[in-house]
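Accompanying notes for the structure given below.
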Amino acid sequence: MRKPIIAGNWKMNNTPAEAKALIEELIPLVKDAKCDVVVCPTYVCLETVKKLIAGTNIKIGAQNMHWEEKGAFTGEISPKMLVAMGMDYVILGHSERRQYFAETDETVNKKTLAAVAHNLIPIICVGETLEQREAGVTADLVRTQTKAALKGLTAEQVKDVVIAYEPVWAIGTGRTATSADANEVIGIIRKAVEEDFGGEAAGAVRIQYGGSMNPGNATELMGMPEIDGGLIGGASLKAVDFSKVVNY
Ligand SMILES: O=C[C@H](O)COP(=O)(O)O
C-alpha cells in the first residue's frame with residue numbers, strides 16, 4: 001500500500017518572515033495528517049522553515065538543484081548543500097524550469113541520479129502542454145519524460161522516488177484535469193515505470209497529481225486508485241487551504 005504524499009511547492013513566494021508566519025500557522029493544522037506532508041520553500045527560506053518544523057510531521061524539500069557537488073556554476077545550489085541543510089526532498093524538472101530555464105530530460109536525469117546518490121528524494125515532474133494534449137501525444141510525452149528521468153537508477157532506488165504528473169495547462173490556471181483523466185495518465189506513467197523497472201518498483205513508486213489542486217477537488221482526486229498525492233502550488237500558500245488538501 002502506497003502512503004499518500006502531499007507537497008506544497010511555494011514557488012517564488014514568501015520572504016523568510018512570511019515563510020515563518022505560514023509554517024507556524026500550518027503546523028497545528030496538519031499535525032494529524034494521514035499522508036506524508038512536505039513543504040518546498042525557496043532556498044532563502046529553507047533554514048527558517050527547517051528549524052520551525054523540527055519535531056513535527058512536516059518534511060521539507062527544495063525546488064531545484066544542480067547535479068554537480070560544487071564548482072563554477074554561478075547562482076546554483078548543489079545536492080551536497082541541500083543535504084547539509086537537512087533537506088529530505090527536491091523537486092526536479094518542474095514545467096516552469098523546463099519552460100523558462102531550459103531544463104531538459106537530460107538535465108532532469110542528471111539531477112535525479114545526483115539526488116538519489118545523496119539520499120534526497122526527488123519529486124520528478126512530468127506533463128504535457130495544451131498543444132501536446134490537443135495533438136494527442138500526452139501518453140508518448142509522459143512516457144518519454146518518465147523513462148528519461150529514471151534512466152540509470154536501480155529498481156530498488158525507483159521505489160522511493162516520487163513522480164508528479166502536472167499537465168502544464170492546469171498549472172495555476174484554475175483548470176484541473178478531470179480525476180479520470182489524471183488517473184489514466186498516471187496509470188500510463190506507472191506502466192512506463194513497470195516496463196523499465198518491473199512490477200514491484202511500479203507498484204511502490206508514488207505518483208502525485210499537480211495542477212490547480214485545491215480544497216474543492218482534493219477529495220475526488222485523492223479517491224482515484226492511481227493518484228498517490230498532490231503537488232500543490234497556489235493553494236499551498238494559504239495554511240488553511242493547504243491543510244484542507246492535506247486532510248482531504
Ligand atoms: O508545483 C505545483 C504545480 O505547478 C501546481 O501549481 P498550482 O497548484 O498553482 O496549479
Side-chain angles (χ1 to χ4, degrees), residues 4-14 18-19 22 26 30 35-43 45-46 49 58-65 87-101 103 108 111-112 115 120-130 132-133 138 141-142 145-146 149 161-179 181-183 185-186 189 206-222 224 227-248:
I5 173 167
I6 295 186
N9 175 9
W10 292 1
K11 305 192 179 182
M12 196 175 73
N13 294 289
N14 293 325
E18 290 164 345
L22 176 55
L26 185 66
V30 300
C35 62
D36 286 343
V37 184
V38 183
V39 292
C40 300
T42 59
Y43 294 131
C45 296
L46 291 178
V49 175
I58 301 176
K59 301 286 186 197
I60 184 168
Q63 298 174 15
N64 180 36
M65 66 171 204
M87 294 303 106
D88 307 296
Y89 292 83
V90 60
I91 298 172
L92 297 176
H94 192 280
S95 64
E96 288 148 16
R97 302 286 325 164
R98 294 180 191 256
Q99 190 180 349
Y100 305 129
F101 302 99
E103 192 84 86
V108 174
K111 293 178 180 190
T112 300
L120 290 163
I121 300 175
I123 299 176
I124 302 163
C125 302
V126 301
E128 81 286 2
T129 62
L130 187 57
Q132 290 163 332
R133 170 156 285 247
T138 298
L141 195 273
V142 297
Q145 288 179 331
T146 302
V161 160
V162 177
I163 299 172
Y165 167 55
E166 299 206 314
V168 179
W169 48 271
I171 296 175
T173 58
R175 291 180 63 180
T176 325
T178 65
S179 51
D181 276 350
N183 193 66
V185 179
I186 290 178
I189 294 168
R206 295 185 291 178
I207 310 181
Q208 302 170 312
Y209 167 76
S212 297
M213 194 163 161
N214 60 51
N217 57 29
T219 308
E220 185 183 336
L221 287 160
M222 292 302 294
M224 302 306 285
I227 301 179
D228 303 321
L231 183 57
I232 321 300
S236 73
L237 298 174
K238 292 193 182 132
V240 171
D241 285 357
F242 187 58
S243 73
K244 285 183 182 162
V245 175
V246 163
N247 299 315
Y248 59 91

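Note that ligands are numbered from 1 as they come in the structure, with each ligand's atoms numbered from 1 the same way.
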Handout entry: Beyond-backbone contact of F242 with P215, side-chain heavy atoms, under 4.5 angstrom
Key = no
Exercise for the section: With heavy atoms only and a cut-off of under 4.0 Å, state how N9 meets ligand 1: side chain, backbone, both or neither. Expected result: side chain
Handout entry: Close side-chain approach of Y89 to I5, heavy-atom, < 4.5 Å
Key = yes
Handout entry: Which residue and heavy atom of the protein sit nearest atom 2 (C) of ligand 1, plus the separation
Key = E166 OE2, 3.1 Å
Practice task
Indicate yes or no: at least one non-hydrogen side-chain atom of T176 is less than 4.5 angstrom from one of M213.
Solution key: no
Practice task
Tell me, please: is G211 in heavy-atom contact with ligand 1, that is, under 4.0 Å?
Solution key: yes
Handout entry: Separation between CD of E96 and CD1 of I171, rounded to the nearest 0.5 Å
Key = 5.5 Å
Exercise for the section: Could you say whether the N/O atoms of T173 and ligand 1 ever approach to under 3.5 Å? Expected result: no
Exercise for the section: Return yes if a side-chain donor-acceptor contact under 3.5 Å exists between E166 and H94, otherwise no. Expected result: yes
Exercise for the section: Output the list of atoms in ligand 1 that are nearer than 4.0 Å to some heavy atom of G234, sorted by atom number. Expected result: 7 (P), 8 (O), 9 (O)
Problem - Modelled atom types, side-chain donor and acceptor of N64 and K111, under 3.5 Å - result: yes
Problem - Nearest non-hydrogen protein atom, atom 6 (O) of ligand 1 - result: K11 NZ, 3.3 Å
Handout entry: Element-labelled atoms of ligand 1 that are located less than 4.0 Å from some non-hydrogen atom of G172
Key = 7 (P), 9 (O), 10 (O)
Problem - Short N or O distance, S212 and ligand 1, threshold 3.5 Å exclusive - result: yes
Problem - Polar atom proximity, A235 to ligand 1 (N or O, under 3.5 Å) - result: no
Exercise for the section: Would you check whether I171 has a nitrogen or oxygen atom less than 3.5 angstrom from a nitrogen or oxygen atom of ligand 1? Expected result: no
Exercise for the section: Verify whether one side chain among W10 and Q63 offers a donor that lies under 3.5 Å from an acceptor in the other. Expected result: no
Handout entry: Close side-chain approach of Q208 to I227, heavy-atom, < 4.5 Å
Key = no
Fill in the blank from the handout: The protein heavy atom nearest to atom 8 (O) of ligand 1 is G233 N, 2.9 Å
Problem - E18 atom CD, neighbour heavy-atom count above 12 within 6.0 Å - result: yes
Problem - Heteroatom proximity flag, I232 to ligand 1, N/O under 3.5 Å - result: no
Handout entry: Distance filter under 4.0 Å to A170 heavy atoms, resulting ligand 1 atoms
Key = 10 (O)
